[in-house]
Asker: 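My structure is below; once you've seen it, I'll send some questions.
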Amino acid sequence: MTGNRDFQDKTGVDEKMIYTHGYHDSVLRSHRNRTVENSARYMQDRIIPGKNLLDIGSGAGTITADFARRLAPGRVTAVEITASALELTRAEVERQHLGNVDFLVGDATTLDLPDNSFDIVHAHQVLQHMSNPVQALREMKRVCKPDGIVAVRDSDYGGFIWYPMIPALDLWMKYYQDVARSNGGEPNAGRYLLSWAQQAGFTEIVSTSSTWCLSTPDSRAWWGNMWADRILKSAIAGQLRNGGIATEQDLERISRAWLAWAAREDGWMSIVHGEIVCRP
């Protein structure tokens, strides 16, 4: 493999751009759990060694690294909106000693990349945070080769269901939906992906869904403890406090509710995701 490369940042992206989740360790504990197997299985048959892939919103980098290993000697280009976010991807790629990843700071709606450049253009849990997801899909279509694919997966918060029905978790859902929309995103993005792809000009679209099910002691502990921390320490906590949406008591109540849910032997949660695989 050749070494990793950086592309010049020509976007003038604002480092102050609001990302609802932020990059606190409590958030990254969740994102570092993601792999091709648990987050991109819907397009797994298209991951063929030698293909080149653009990974938009590469974040913690675990999916990016998994792609790089599976596609070698093909190359993966990781894109993030800020240099600091891209450093998270770089750190994971370097930790795994992979040499076929390039790095680019850029905005998904105005990619500084040539037409018809990639065999696969991928985004996981990205469009839900964007104010113009249709334009992002147009750009993904533009940089994809004519015989390639655009593959996108986003969760749908309105499709989250859980047991037992703890009132503070309903409050958590309301707060999250309110903050995500105030930041210009669409937290129920999963259900919109097919429509957005059609609006972006795709005509050959396979639309599916899949779920994560949290029903074992380990999966409940992972999710419940992670959100118990996130609601107190991550960027969303600051946005709720600073916006006067929630009090500290509200956030502590939600944190305790997540711990209580995780401790329940009958605790259960299903998280639905929308998925699309499109031909340009």
Side-chain angles (χ1 to χ4, degrees), residues 21 30-31 33-49 51-60 62-71 74 76 78-79 108 118-130 132-162 173 176-177 180 185-216 219 223 268-280:
H21 294 293
S30 169
H31 293 183
N33 185 61
R34 298 171 179 172
T35 64
V36 169
E37 179 64 24
N38 65 29
S39 299
R41 192 182 304 173
Y42 69 104
M43 44 84 73
Q44 210 168 211
D45 62 334
R46 302 303 296 265
I47 304 172
I48 301 169
K51 299 288 188 181
N52 295 327
L53 180 145
L54 178 66
D55 193 20
I56 295 175
S58 53
T62 51
I63 301 179
T64 313
D66 203 354
F67 279 137
R69 187 177 299 102
R70 292 170 184 246
L71 290 169
V76 172
V79 177
F118 297 93
D119 301 297
I120 304 167
V121 183
H122 169 266
H124 184 260
Q125 312 291 18
V126 173
L127 295 192
Q128 63 184 276
H129 300 295
M130 303 189 69
N132 196 344
V134 173
Q135 175 57 24
L137 283 164
R138 290 192 187 107
E139 279 290 272
M140 295 169 77
K141 182 174 185 287
R142 179 183 66 77
V143 301
C144 188
K145 294 179 180 179
D147 60 347
I149 62 163
V150 171
V152 177
R153 187 173 191 255
D154 269 278
S155 57
D156 189 315
Y157 277 75
F160 287 24
I161 53 175
W162 59 82
M173 176 59 73
Y176 182 81
Q177 294 259 357
E186 175 45 72
N188 298 342
R191 71 189 68 181
Y192 289 92
L193 293 182
L194 175 59
S195 177
W196 288 344
Q198 291 170 343
Q199 293 174 59
F202 290 100
T203 57
E204 191 175 335
I205 308 164
V206 176
S207 179
T208 57
S209 68
S210 61
T211 62
W212 289 340
C213 185
L214 309 174
S215 59
T216 65
S219 64
W223 186 264
W268 180 93
M269 174 174 276
S270 181
I271 299 174
V272 67
H273 299 82
E275 303 153 347
I276 51 171
V277 176
C278 313
R279 294 291 297 273

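Because the structure is predicted, anything quoted here is derived from the model rather than measured.
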Asker: In the structure I gave you, are the side-chain heavy atoms of Pro280 and Cys144 within less than 4.5 Å of one another anywhere?
Answerer: yes

Asker: Could you tell me which residues satisfy side chain to side chain contact (heavy atoms under 4.5 Å, CB included) with Pro187, sequence neighbours excluded, listed by chain and number?
Answerer: Tyr157, Tyr176, Gln177, Ala180, Arg181

Asker: Would you compute the distance between atom OG of Ser270 and atom CG of Leu214 and round it to the nearest 0.5 angstrom?
Answerer: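 These two atoms lie 8.0 Å from each other.
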
Asker: Output the distance between atom CZ (Arg70) and atom CD1 (Ile47), rounded to the nearest 0.5 Å.
Answerer: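 Separation between the atoms: 5.5 Å.
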
Asker: Only pairs at least two apart or in different chains count here, so list each salt bridge (charged side-chain N to carboxylate O under 4.0 Å, His left out) that has a residue in residues 268-280.
Answerer: Arg153-Glu275

Asker: Quick check against the 3.5 Å criterion: does Ser39 have a side-chain atom that pairs as donor or acceptor with the backbone of Val36?
Answerer: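 No, the answer is negative, given that no donor and acceptor are paired below the 3.5 Å cut-off.
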
Asker: Go through the steps to decide whether Asp55 and Val79 satisfy the test side chain to side chain contact (heavy atoms under 4.5 Å, CB included), and finish with yes or no.
Answerer: CA-CA 6 Å; Asp55 193 20; Val79 177; over 6 Å; no

Asker: Taking salt bridge (Lys or Arg N to Asp or Glu O under 4.0 Å) as the definition, give me every residue that meets it alongside Arg41, ordered by chain and number, with sequence neighbours left out.
Answerer: Glu37

Asker: I want to check something: taking the side chain as every heavy atom from C-beta on, are Thr35 and Ile63 in contact at a cut-off of under 4.5 Å?
Answerer: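 Thr35 does not reach Ile63 side chain to side chain.
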
Asker: Could you check if a side-chain atom of Trp268 sits within less than 4.5 angstrom of a side-chain atom of Ile161, using non-hydrogen atoms only?
Answerer: yes

Asker: What distance separates Lys141 NZ from Ile149 CD1, expressed to the nearest 0.5 Å?
Answerer: 15.0 Å

Asker: Measure the shortest side-chain to side-chain distance between Ile120 and Asn52 over non-hydrogen atoms and say whether it is less than 4.5 angstrom.
Answerer: no

Asker: Give the minimum heavy-atom separation between Asn188 and Gly158, together with the two atoms involved.
Answerer: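 That closest heavy-atom pairing would be OD1-N, 2.7 Å.
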
Asker: Run the salt bridge (Lys or Arg N to Asp or Glu O under 4.0 Å) test against Arg46 and tell me which residues pass, sequence neighbours left out.
Answerer: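 Counting only residues at least two positions away or on another chain, Arg46 forms no salt bridge (Lys or Arg N to Asp or Glu O under 4.0 Å).
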
Asker: Tell me, please, which residues at least two apart from Asp119 pass side chain to side chain donor-acceptor pair (under 3.5 Å).
Answerer: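 Checked Asp119 against side chain to side chain donor-acceptor pair (under 3.5 Å); matches are Lys145.
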
Asker: Got Pro49 and Leu71 here, is their nearest side-chain heavy-atom distance under 4.5 Å?
Answerer: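 No, their side chains stay 4.5 Å or more apart.
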
Asker: Quick check: closest heavy atoms across Ala78 and Thr64, and the distance to 0.1 Å?
Answerer: CB-CG2, 4.0 Å

Asker: Determine whether Val152 and His122 make a side-chain contact, defined as any pair of heavy atoms from C-beta on separated by less than 4.5 Å.
Answerer: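 No, too far: nothing below the 4.5 Å cut-off.
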
Asker: Rounded to the nearest 0.5 Å, what separation is found between the CG atom of Leu127 and the CD atom of Gln135?
Answerer: 12.0 Å

Asker: Do Val277 and Val150 make a side-chain contact, defined as non-hydrogen atoms from C-beta onward lying under 4.5 Å apart?
Answerer: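 They are not in side-chain contact.
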
Asker: Got a second to check how far Trp212's CH2 is from Asn38's CG, nearest 0.5 Å?
Answerer: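 With rounding to 0.5 Å, CH2 (Trp212) is 6.0 Å from CG (Asn38).
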
Asker: Look up atom CG in Asp45 and atom CE in Met43, then write down how far apart they are to the nearest 0.5 Å.
Answerer: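 Reported value, rounded in 0.5 Å steps: 8.5 Å.
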
Asker: If every non-hydrogen atom of Arg34 is compared with every non-hydrogen atom of Thr62, which pair is closest and at what distance?
Answerer: O-OG1, 2.6 Å

Asker: Taking the inter-plane angle between the rings of His124 and His273 on a 0 to 90° scale, is it parallel (under 30°), tilted (30 to 60°) or perpendicular (over 60°)?
Answerer: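 Rings of His124 and His273: parallel, under 30°.
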
Asker: In sequence, state the C-alpha distance, the side-chain angles, and the governing distance for Val143 and Leu54, and then conclude on side chain to side chain contact (heavy atoms under 4.5 Å, CB included).
Answerer: CA-CA 9 Å; Val143 301; Leu54 178 66; 3.9 Å; yes

Asker: Within the 4.5 Å heavy-atom criterion, are Ser155 and Phe160 side-chain neighbours or not?
Answerer: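 Yes, close enough: below the 4.5 Å cut-off.
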
Asker: Could you give the side-chain donor-acceptor pairs of residues 192-205 under 3.5 Å, partners two or more places apart or in another chain?
Answerer:
residue	atom	partner	partner atom	Å
Ser195	OG	Gln199	NE2	3.0
Gln199	NE2	Ser195	O	3.4

